[in-house]
Amino acid sequence: SNLPSLFYSLDKATIKKVWFSDIHFDIIESGWGNLLAILAYNSTFEDIVITKSVKIDGNASYAGGIVGTDHNSKFIHIANYADINTGYEYKGKASGIVNESYGSEISECYNYGNITATNSIVGGIVGYLGVATDTFNVGNVKNVYNYGNLKTNLIGGGIVGNGESSIIENSYNVYSKEVDNNVGNIVGTSYGMIIKNSYYLGIYSSRNTLLTGVNLVAEFFNIKVLKK
């Protein structure tokens with residue numbers, strides 16, 4: 001299937017205490033590989049777990065996590081353990097929690113799954129993080145961490161793949177030395193981002209940089225490197 005999500009679109013919804021297990025998505029025709037919804041607006045997602053027994057494979061343009069694109073929503077206490085693989089070749093998104101997020105708050109969320117993409121923007125937590133054009137809310141990712149290996153031929157970040165005019169705070173990233181050189185430790189590509197109190201375990205990363213790529217216009221506070 002290329003539309004396997006439980007819902008196509010959610011608006012002002014509240015979804016809590018969901019456990020995903022023993023699911024295998026094999027996405028065809030450049031479809032969506034999101035477990036709950038392709039689109040979400042003004043919604044709340046809380047206490048959700050994607051277990052290791054879930055597999056997301058194929059050619060999804062939006063791969064992994066519970067939502068493809070969201071606006072002005074809240075994601076609270078969500079954990080992904082599933083591995084995500086996409087062979088999509090035209091600049092897609094792949095991530096552990098949300099693929100593309102505008103003006104939303106993402107807190108206490110964690111990714112343990114390995115994410116491998118051919119030509120997608122990859123983020124351990126969020127693929128793209130930006131401002132909602134209707135409310136002008138900025139994206140805010142806080143109290144999150146990534147333990148998964150991330151690989152892509154395009155660009156990626158341990159927490160956020162591509163960020164614009166948003167905030168990352170109290171985050172940390174730990175992944176193995178197999179991490180791809182196109183992946184920054186916290187953010188892949190940044191424009192106007194504020195990053196506070198964020199950490200990465202530098203001994204394991206093949207690229208000891210906060211950012212990689214272009215448009216590196218960002219403001220940083222208390223960035224730290226943990227050495228084991």
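The residues of the chain are indexed from 1 along the displayed sequence. Worth saying up front: this structure is predicted, and the values here are computed from it rather than measured.
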To the nearest 0.5 Å, what is the distance between [atom1] ([X]) and [atom2] ([Y])?
X: Phe45; Y: Ile106; atom1: CZ; atom2: CD1; value: 11.0 Å
X: Ile48; Y: Leu36; atom1: CD1; atom2: CG; value: 5.0 Å
X: Ser53; Y: His24; atom1: OG; atom2: NE2; value: 11.5 Å
X: Asn85; Y: Asp57; atom1: CG; atom2: CG; value: 5.0 Å
X: Glu164; Y: Leu129; atom1: CD; atom2: CG; value: 9.5 Å
X: Glu105; Y: Ser166; atom1: CD; atom2: OG; value: 12.5 Å

Which atoms form the tightest heavy-atom contact between [X] and [Y], and what is the distance?
X: Trp32; Y: Ala60; value: C-CB, 4.3 Å
X: His77; Y: Tyr110; value: CD2-CE1, 3.8 Å
X: Ala37; Y: Leu10; value: CB-CD1, 3.8 Å
X: Ile186; Y: Tyr199; value: CD1-O, 3.4 Å
X: Ser95; Y: Gly127; value: CB-N, 3.5 Å

For [X], check side-chain contact (heavy atoms from CB on, under 4.5 Å) against everything at least two apart and list the hits.
X: Asn59; result: none
X: Ile23; result: Phe20, Phe25, Leu35, Val54
X: Ile121; result: Lys91, Lys93, Leu154, Ile155, Asn162

Are any of the side-chain heavy atoms of [X] and [Y] separated by less than 4.5 Å?
X: Leu39; Y: Tyr8; answer: yes
X: Asn146; Y: Tyr200; answer: no
X: Val122; Y: Val183; answer: no
X: Ser165; Y: Met193; answer: no
X: Ile56; Y: Asp83; answer: no
X: Phe75; Y: Ile66; answer: yes
X: Val49; Y: Thr51; answer: yes
X: Thr86; Y: Ile27; answer: no

So, using side-chain hydrogen bond (donor to acceptor under 3.5 Å, both in side chains) as the criterion, who are the partners of [X] when residues are at least two apart?
X: Asn80; result: Asn111
X: Ser171; result: Ser198
X: Thr135; result: Asn72, Asn137

With a cut-off of 3.5 Å and sequence neighbours excluded, list every side-chain donor-acceptor pair involving residues 12-19.
none

Per the ring-ring contact (aromatic ring centres under 6.0 Å, His included) rule, what does the pair list look like for residues 113-137, sequence neighbours excluded? Tyr102-Tyr128
Using side chain to side chain contact (heavy atoms under 4.5 Å, CB included), reason through Ile159 and Val144 one step at a time and then give a plain yes or no. CA-CA 8 Å; Ile159 303 300; Val144 302; 3.9 Å; yes
Are the side chain of Ser5 and the backbone of Asn34 linked by a donor-acceptor contact shorter than 3.5 Å? yes
Give a yes or no on whether the backbone of Thr44 and the side-chain of Ser73 come within a donor-acceptor separation of less than 3.5 Å.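 No; zero donor-acceptor contacts below 3.5 Å.
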Single-linkage hydrophobic cluster, 4.5 Å side-chain cutoff, Val138 and Ile194 together: yes
Any chain of hydrophobic side-chain contacts (each under 4.5 Å) joining Ile50 to Phe7?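 Yes, it is one cluster - the side chains of Ile50 and Phe7 are joined through contacts under 4.5 Å.
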Go through the structure and list residues passing ring-ring contact (aromatic ring centres under 6.0 Å, His included) with Tyr90, not counting sequence neighbours. Tyr88
Pairs touching residues 108-125 that satisfy salt bridge (Lys or Arg N to Asp or Glu O under 4.0 Å), sequence neighbours left out: none
Quick note, side chain to side chain donor-acceptor pair (under 3.5 Å) partners involving residues 62-71, not counting sequence neighbours, are Tyr62-Glu100, Thr69-Glu100, Asp70-Ser101, Asp70-Ser104
Please report, to 0.1 Å, the donor-acceptor pairs under 3.5 Å made by any side chain of residues 112-120, with sequence neighbours excluded.
residue	atom	partner	partner atom	Å
Tyr112	OH	Tyr145	OH	2.5
Asn114	OD1	Asn149	N	3.0
Asn119	ND2	Glu89	O	2.9

If you measure from the Lys or Arg side-chain nitrogens to the Asp or Glu carboxylate oxygens, is any gap between Asp26 and Lys55 under 4.0 Å? no
